[in-house]
Participant: 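Dumping the structure here so I can ask a few things about it.
Quick note on labels: first sequence line is chain A, next is B, and so on, each numbered from 1.
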Number of protein chains: 2
Amino acid sequence: MRKRPVNLSNTLPHLGELELTLLQALWAQPEQSALRLQQELPRAQQCSLSTVQSTLERLHRKMLVRRRRQGHAYVYCARLGRAELLGKLLGGVIRQLHTGSLDPILSSFVDFADKIDEHTLDRLDELVQKRKLSRFEGD
Amino acid sequence: MRKRPVNLSNTLPHLGELELTLLQALWAQPEQSALRLQQELPRAQQCSLSTVQSTLERLHRKMLVRRRRQGHAYVYCARLGRAELLGKLLGGVIRQLHTGSLDPILSSFVDFADKIDEHTLDRLDELVQKRKLSRFEGD
DNA sequence: TGAAACACCGACCGGCGATCGGTTTTTGCG
DNA sequence: CGCAAAAACCGATCGCCGGTCGGTGTTTCA
C-alpha cells in the first residue's frame with residue numbers, strides 16, 4: 001500500500017506555501033501531530049485537518065518529514081533542519097545553472113551577500129575563516 | 001493585446017526544462033530567432049516551432065528575455081546573465097526560508113562550498129577578499 | 001500576386017499543491 | 001463487549017503551470 005516517492009525528476013522539490021508553513025512549525029517545535037499542527041496554523045492559512053494530513057503526506061513522500069506512530073496517530077518531525085534544507089535547495093538551483101566552473105556561482109553569492117548590507121560580507125568572511133580553521137581539528 | 005505578466009505571487013519563478021535550455025542557448029549566443037533556437041535544440045528536446053515560440057512567450061512574460069522585431073520576426077536575447085539569474089533564484093530560495101538572521105544562510109553556503117571539493121572554500125575566500133578590497137576603489 | 005515565413009491563438013495533456021468529505025480503522029471508555 | 005471519538009486513509013475536485021501542437025492570420029519578398 002506504500003506510495004511511490006514523488007519528484008523522480010531532476011528538478012528541485014518546489015515547496016508549496018502550506019508545506020513550508022508546516023515545516024516551519026516543525027522546526028519551531030518538533031514532534032507534533034497533524035491535529036496540533038492544524039490547530040496552530042496562522043489565521044491566514046486555516047484549513048481542514050484533512051488538508052493538513054495530505055500535505056504532511058506529500059512532505060513525507062518528499063522525504064522532508066519523518067513520522068512515527070504514537071497510539072494510532074502519527075507524530076511528525078522534520079528530517080532536515082532549516083539550514084540543511086536551505087543547502088539542499090541552493091544546491092538544486094545551482095545544479096540547474098552550473099556550467100562546469102563554480103566561479104560564477106561563488107561570485108554570485110559573494111555578490112548577493114555584499115548587496116544585503118555592509119556587514120554581511122564581513123560576516124561571510126568570518127565564517128569562511130572559521131571553517132578553514134576547523135579543517136585542521138575537524139577531520 | 002498585451003498579456004499580463006505571470007508569477008504575481010511571492011514564489012520564485014520555477015523554470016521548466018525547455019525554458020532553461022532556451023536560456024542557455026541565448027547565453028551561448030544572444031540575438032537568436034525562434035526558428036534558429038528550435039533548430040539548435042539538442043536531440044533529446046526537439047519539438048515544433050510553435051512549442052519553442054510559446055515557451056519564449058512565457059519567458060518573455062516572466063521578463064527573462066527581451067525581444068525585438070527584425071523584419072516581421074522576433075529576435076530574442078536574455079535579460080539577465082547566468083550569474084544574475086542565479087543570484088535571483090538564490091535570493092528567492094533564501095527569502096523563502098530566512099528568519100531574520102542571515103547566519104544560517106551564510107553558513108549553509110559555506111558548508112555547500114566546502115562539501116564540493118578541497119579547493120572551493122579557498123576560492124570562495126579569494127573572491128570574498130577581492131570583493132572586500134574593491135569596496136575601496138569601487139565606491 | 002502567390003508562396004514562404006512567422007506570429008498569434010486556442011486547445012489539450014499531465015503533474016502538482018491545495019482543499020475537502022466520506023469511509024475505514026484504531027482505540028479507549030463505560 | 002460494544003460504541004463513540006479520533007484519526008488515518010481514500011479519492012475527487014480545483015486552478016495553475018510547463019510542454020506540446022495545429023490552425024489561422026499577417027507580413028514579406030521573389
Participant: What integer distance in Å separates R61(A):CZ from dC9(D):P?
Facilitator: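 Nearest whole value for this atom pair: 12 Å.
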Participant: Of the listed nucleotides (dG18(D), dC8(C), dT19(C)), which one gets closest to any side-chain atom of Q53(B)?
Facilitator: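 From the listed options, dC8(C) comes nearest.
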Participant: Round to a whole Å and report the spacing from CD of Q38(B) to C1' of dA5(C).
Facilitator: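 Those two atoms, CD and C1', are 13 Å apart.
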Participant: Atom CG of L41(A) and atom C1' of dT19(C): how far apart are they, to the nearest Å?
Facilitator: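 It is 13 Å, rounded to the nearest whole Å.
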Participant: With rounding to the nearest 0.5 Å, note down the distance linking OG in S108(A) to CZ in R82(B).
Facilitator: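 One finds 10.5 Å between OG of S108(A) and CZ of R82(B).
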Participant: Nearest whole Å is fine: how far is dG18(D) P from L64(B) CG?
Facilitator: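 That distance rounds to 11 Å.
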Participant: Between atom NE2 in H72(B) and atom P in dT27(D), what is the gap in whole Å?
Facilitator: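 After rounding, the reported distance stands at 10 Å.
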Participant: On DNA chain C, check which nucleotide each of S54(B) and T51(A) is closest to and give me the residue with the more 5' one.
Facilitator: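 Its nearest nucleotide lies further toward 5', so the answer is S54(B).
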Participant: Look at the side chain of S50(B) and the base of dG22(D), then say whether one donor and one acceptor between them are separated by less than 3.5 Å.
Facilitator: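 Such a pair exists between side chain and base.
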Participant: It should be established whether K62(A) places a side-chain nitrogen or oxygen under 4.0 Å from OP1 or OP2 of nucleotide dC16(C).
Facilitator: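 It does not, given that no N or O in the side chain of K62(A) lies less than 4.0 Å from OP1 or OP2 of dC16(C).
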Participant: Measure from NZ or CZ of R68(B) to the centre of the six-membered ring of Y74(B), then state whether that distance is under 6.0 Å and the direction lies within 45° of the axis.
Facilitator: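 The answer is no, since R68(B) fails at least one limit relative to Y74(B).
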Participant: For Q46(B) and dG19(D), give me the distance from atom CD to atom P, rounded to whole Å.
Facilitator: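 Atom CD in Q46(B) sits about 16 Å away from atom P in dG19(D).
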Participant: Please pick, from dG19(D), dT19(C), dA18(C), the nucleotide with the shortest atom-to-atom distance to any side-chain atom of E17(B).
Facilitator: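 Within the option list, the nearest is dG19(D).
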Participant: How close do A113(B) and L106(A) get, counting heavy atoms only, and between which atoms?
Facilitator: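 Closest heavy-atom pair between A113(B) and L106(A): CB-CD2, 4.5 Å.
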Participant: Taking CG from L37(B) and P from dA7(C), how many angstroms apart are they, rounded to a whole number?
Facilitator: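 My rounded result for the distance is 11 Å.
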Participant: Under 4.0 Å between any heavy atoms, over every strand shown, what does L49(A) touch: base, sugar-phosphate, or nothing? Just pick one.
Facilitator: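 Since no nucleic acid heavy atom lies under 4.0 Å of L49(A), the category is nothing.
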Participant: Working to the nearest 0.5 angstrom, can you tell me the gap between E126(B) CD and L121(B) CG?
Facilitator: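 Result: 10.5 Å between the selected atoms.
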Participant: Rounded to the nearest Å, what distance is computed from the NE2 atom of residue H14(B) to the P atom of nucleotide dG17(C)?
Facilitator: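 From H14(B) NE2 to dG17(C) P: 9 Å.
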Participant: R58(A) side chain N/O closer than 4.0 Å to the phosphate oxygens (OP1, OP2) of dA18(C)?
Facilitator: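 Yes, such a contact exists.
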Participant: Tell me whether R66(A) forms a cation-pi arrangement with Y76(A), defined as NZ or CZ under 6.0 Å from the six-membered ring centre and within 45 degrees of its axis.
Facilitator: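 No; the conditions do not both hold, so R66(A) does not lie above the ring face of Y76(A).
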Participant: Does Q45(A) or V75(B) map to a spot on DNA chain C nearer the 5' end, using the closest nucleotide for each?
Facilitator: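 The 5'-side residue here is V75(B).
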